Amino acid sequence: GLDITLPGRPWPIGRIHPLTQVTNEVTAIFSTLGFSVLEGPEIEDDYHNFEALNIPEDHPARENMQTFWIDRPNEDGRLDTLLRTHTSPMQVRYMEKNKPPIRIVVPGKVYRYEATDATHIPMFTQVEGLVVDEGISMAHLKGTLMEFCRRFFGANRKVRFRCDYFPFVEPGVEVAVSCTCGGKKECSVCHGSGWLEILGAGMVHPRVLERVGIDSEKYTGFAFGMGLERLPMLRYGIDDIRLFYSNDTRFLRQF
Ligand code: TYR
């Protein structure tokens, strides 16, 4: 007979990966601020990843971006194809095809040839942002990024702007948010500094604009690039970046 009191069989259901959740959350915040969301290629060329971003062949900034080159020489016998080391090449690709006003965010994977440890992995995720229009100033950069931090982390965190250097911006800044521990030595998230760096940013260098044919006398812009893994690490106190890529369901189930 049919026993209608038998419980149903449970279906194993998946869930959304914490990094996908954070990507969606970040892009949703920027959408409400008027940004469009798009993606770009992970296989890039030297021109878009470096040259057009004001990082010429012998520039020391290349050393900070240990590159995975693809073993396929161009007509000149030189290696030209690589796995993008940051999402910034999408600034160039977008500006090649679109003229101001520009307001975009670009999430995606990036690759660096580095030894693996609790805070470094050879593939990680960034979100790039770019705004170009008439009259864009550092005040727009600050206001936009402060508002992002407020919405993502809540109103109780402090936000710190400090000078930093990136060849494709001038001036350049680094943004950090205060750690919830208040700066305890034994904190596994900030290691006692009380601050967590989440992104690099700055006013787009006039040379970057000119190279894509945008008049840098008429238009100015700001850009930023944030490390996406850092956001949930800071928010939840996750102390090992490798957890995001090891597919341990005991970890993933918690989000
Ligand atoms: N691309 C930089 C990096 O990966 C981050 C960055 C992005 C800095 C945009 C400034 C900027 O305008 O380190």
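Since the model is a prediction, treat every value here as computed from it, not as a measurement. Each ligand, and each atom within it, is numbered from 1 in the order the structure gives.
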Charged N to carboxylate O below 4.0 Å: is that the case for [X] and [Y]?
{"X": "E210", "Y": "R207", "answer": "no"}
{"X": "R62", "Y": "D46", "answer": "yes"}
{"X": "R93", "Y": "D45", "answer": "yes"}

Donor-acceptor contacts under 3.5 Å from residues 161-179 side chains, at least two apart:
from: Y165; atom 1: OH; to: H59; atom 2: NE2; distance (Å): 3.3
from: E174; atom 1: OE2; to: R160; atom 2: NH2; distance (Å): 3.2
from: S178; atom 1: OG; to: K158; atom 2: N; distance (Å): 2.7

Report task. Identify, chain by chain and in numerical order, each protein residue with a heavy atom under 4.0 Å from an atom of ligand 1. Result ->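 Contacts of ligand 1 under 4.0 Å: M65, H86, S88, Q91, R112, Q126, E128, F166, F168, V169, G200, A201, G202, A223, F224, G225.
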
Query raised in the report: Does the pair Y236 and F255 meet the rule for a ring pair (Phe, Tyr, Trp, His ring centres under 6.0 Å), with working shown?
Result: CA-CA 10 Å; Y236 304 117; F255 301 95; 5.2 Å; yes

Query raised in the report: Taking the six-membered ring for Trp, are the ring centroids of F251 and F244 within less than 6.0 Å of each other?
Result: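 So the answer is yes for these two rings.
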
